[in-house]
Number of protein chains: 2
Amino acid sequence: MPPRQTDLSDAELEVLKALWDLGPTSVREVMNRLHTQGRELAYTTVLTFLTRLKAKKYVTSKKSGQAYIYKARVSREKVTGSRLSSLIEQLFDGASAPLVLHLVQSNKLSPDEIGELRRMLDDLDASPADAEGDD
Amino acid sequence: MPPRQTDLSDAELEVLKALWDLGPTSVREVMNRLHTQGRELAYTTVLTFLTRLKAKKYVTSKKSGQAYIYKARVSREKVTGSRLSSLIEQLFDGASAPLVLHLVQSNKLSPDEIGELRRMLDDLDASPADAEGDD
DNA sequence: CCTGGCCAACGACAGTTGTAGTAGGACCTG
DNA sequence: CAGGTCCTACTACAACTGTCGTTGGCCAGG
């Protein structure tokens, strides 16, 4: 297995999500957060993940008093987007349309959501994509 | 790490995809397929994956002459769907709408695709989901 | 100053994954 | 029948992952 040392693992993502939710905070807080979400991880386990996240550059930390405060360095959107892209790549060879179609067809969307979706499509027509960096 | 022994790994999925594309076939054919796709794996590596896929019940095999013929036991749709669900769970806590919105907003869809999407939405309204097994 | 709490750095360990080499049976071909 | 050629079964192995336990430092109470 080629060394990556850079991708987010599932457990790491969970921790990162907690950090996003909480904003900059301590290991203990992150742990508490996870606990209230039913994720019972040992303190050291959380610490491990945070440490790995730091090694992989997903978070930064600075000492504050006795403990460290961890802060996400990547936005939820960024990560979400790239995970999504990977999946699309993997499952649909890079084309996102099939994914959307798949979602729509598997009728997992509520009428409300469908309405919103339609509204968004209309919006798109109106204001044609203002050249956002294509990641 | 709790033993799973049941989930598809990325590499396994690649092999399974080749198998879907080819239909029931031999290790060698799968390997050739992967090669033409630029994925240079050793014969034994492909065999390993197919073996693991079999252990995980994603494929079956039956001897035919000297070699075995492997056949996918799960449909592409099934796997695609569950992978997608996992991602949605992971990224959007189970709500698929945000994903669709995300996709639409990140304007990765061509006008044509948007048109098709809109058509599909209309269709949905017209023929309200005829009780498809909700997986 | 000793003690009980926190805290973070390490080390550990088993299971998963990606990749492949080797060994040994079948089979075809002289 | 000896030599290639295929094929599968095993074994291997390092990196990655999920989970912690242990250690030793630092600080507030008694």
Side-chain angles (χ1 to χ4, degrees), chain A residues 1-19 24-35 37-71 83 86 89-90, chain B residues 1-19 24-35 37-71 79 83 86 90:
Chain A
M1 186 179 343
R4 2 176 138 192
Q5 194 62 27
T6 184
D7 279 355
L8 267 190
S9 74
D10 291 348
E12 283 161 4
L13 177 58
E14 275 186 288
V15 170
L16 185 54
K17 288 210 295 179
L19 199 53
T25 188
S26 67
V27 177
R28 188 152 299 270
E29 288 306 315
V30 171
M31 182 189 80
N32 287 152
R33 169 77 181 178
L34 292 169
H35 283 183
Q37 298 184 319
R39 195 73 168 81
E40 297 296 330
L41 289 180
Y43 179 94
T44 50
T45 302
V46 177
L47 176 58
T48 297
F49 289 138
L50 251 359
T51 302
R52 289 181 183 170
L53 281 170
K54 188 173 168 186
K56 294 183 179 179
K57 306 292 181 60
Y58 284 94
V59 309
T60 56
S61 68
K62 68 173 198 304
K63 196 145 202 164
S64 161
Q66 186 188 176
Y68 281 91
I69 295 298
Y70 289 84
K71 177 157 78 138
R83 284 237 150 186
S86 302
E89 192 55 53
Q90 199 172 45
Chain B
M1 186 177 343
R4 355 179 141 198
Q5 196 63 27
T6 183
D7 278 355
L8 266 190
S9 76
D10 291 349
E12 284 160 2
L13 177 57
E14 276 186 288
V15 170
L16 186 53
K17 289 210 296 180
L19 200 52
T25 188
S26 67
V27 177
R28 188 154 299 271
E29 287 307 314
V30 170
M31 180 187 84
N32 287 151
R33 169 76 180 181
L34 291 169
H35 283 184
Q37 297 182 320
R39 194 74 169 79
E40 295 297 330
L41 291 180
Y43 180 94
T44 50
T45 300
V46 178
L47 175 58
T48 296
F49 289 138
L50 251 0
T51 302
R52 290 181 182 167
L53 281 170
K54 187 173 169 186
K56 296 183 179 178
K57 308 290 181 61
Y58 283 93
V59 308
T60 56
S61 68
K62 69 173 199 304
K63 196 143 198 166
S64 163
Q66 185 186 179
Y68 280 91
I69 295 300
Y70 289 84
K71 176 158 77 142
V79 171
R83 285 238 149 184
S86 302
Q90 197 172 47

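Chain naming here is simple, since letters A, B, ... match the order of the sequence lines and numbering starts at 1 in each.
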When rounded to the nearest 0.5 Å, the distance separating CG of B/Leu53 from OG1 of B/Thr48 is 10.5 Å
Any chance you could measure B/Leu34, atom CG, to B/Glu29, atom CD, to the nearest 0.5 Å? 11.0 Å
If every non-hydrogen atom of B/Tyr70 is compared with every non-hydrogen atom of B/Leu19, which pair is closest and at what distance? O-CD1, 3.6 Å
Measure all distances between protein nitrogen or oxygen atoms and nitrogen or oxygen atoms of nucleotides 20-23 of chain D, and list the pairs falling under 3.5 Å.
{"from": "D/dC20", "atom 1": "OP2", "to": "A/Ala42", "atom 2": "N", "distance (Å)": "3.1"}
{"from": "D/dC20", "atom 1": "OP2", "to": "A/Thr45", "atom 2": "OG1", "distance (Å)": "3.1"}
{"from": "D/dC20", "atom 1": "N4", "to": "A/Thr48", "atom 2": "OG1", "distance (Å)": "2.4"}
{"from": "D/dG21", "atom 1": "N7", "to": "A/Thr44", "atom 2": "OG1", "distance (Å)": "3.2"}

So OG1 of A/Thr44 and CZ of A/Phe49: to nearest 0.5 Å the spacing works out to 10.0 Å
Can you check the B/Leu16 CG to C/dG18 P distance for me, whole Å? 13 Å
Quick check: closest heavy atoms across A/Ala18 and A/Val30, and the distance to 0.1 Å? CB-CG1, 4.1 Å
Return the 5'-most residue of the pair A/Phe49, A/Thr6 with respect to DNA chain D, ranking by each residue's nearest nucleotide. A/Thr6
Atom pair distance, as rounded to whole Å: NZ in A/Lys54 and P in C/dC7: 16 Å
Closer than 4.0 Å, any side-chain N/O of B/Arg39 to the OP1 or OP2 of C/dG18? no
Between C/dG15 (P) and A/Asp10 (CG): distance, integer Å: 19 Å
For A/Asp10 against A/Arg83, the heavy-atom pair lying closest together: OD1-NH1, 3.5 Å
Verify the distance criterion only: is there a donor paired with an acceptor across the side chains of B/Lys54 and B/Ser61 at less than 3.5 Å? yes
What's the CG-C1' distance between A/Leu50 and D/dT19, to the nearest Å? 15 Å
B/Leu53 atom CG is separated from C/dT19 atom C1', nearest whole Å, by 15 Å
Least distance between heavy atoms, B/Ser9 atom then B/Lys56 atom: N-NZ, 4.5 Å
Any side-chain N or O of B/Tyr43 less than 4.0 Å from the OP1 or OP2 oxygen of C/dG21? no
Does any residue of residues 56-63 of chain A have a heavy atom under 4.0 Å from DNA chain D, and if so, which ones, in number order? A/Lys56
Could you list all N or O pairs between the protein and nucleotides 25-30 of chain D that sit under 3.5 Å apart?
none

It should be established whether A/Thr51 places a side-chain nitrogen or oxygen under 4.0 Å from OP1 or OP2 of nucleotide C/dA8. no
Can you tell me the distance, in whole Å, between the CG atom of B/Asp7 and the C1' atom of D/dC16? 16 Å
Which nucleotide in the list D/dT17, C/dG18, D/dT8 gets nearest to the side chain of B/Tyr68? D/dT8
Taking CG from A/Leu47 and P from C/dA12, how many angstroms apart are they, rounded to a whole number? 17 Å
Ignoring hydrogens, what is the shortest heavy-atom contact between B/Met31 and B/Ala42? Give both atom names and the distance. SD-C, 4.1 Å
Between the CG atom in A/Leu16 and the CD atom in A/Glu12, the distance rounded to the nearest 0.5 Å is 9.0 Å
Could you tell me how far apart A/Gln90 (CD) and C/dT17 (C1') are, to the nearest whole angstrom? 14 Å
Quick one: pull up CD1 in A/Ile69 and OG in A/Ser64 and give me the separation to the nearest 0.5 Å. 4.5 Å
Please give me the minimum heavy-atom distance between B/His35 and B/Arg39, naming the atom from each residue. CD2-O, 3.2 Å
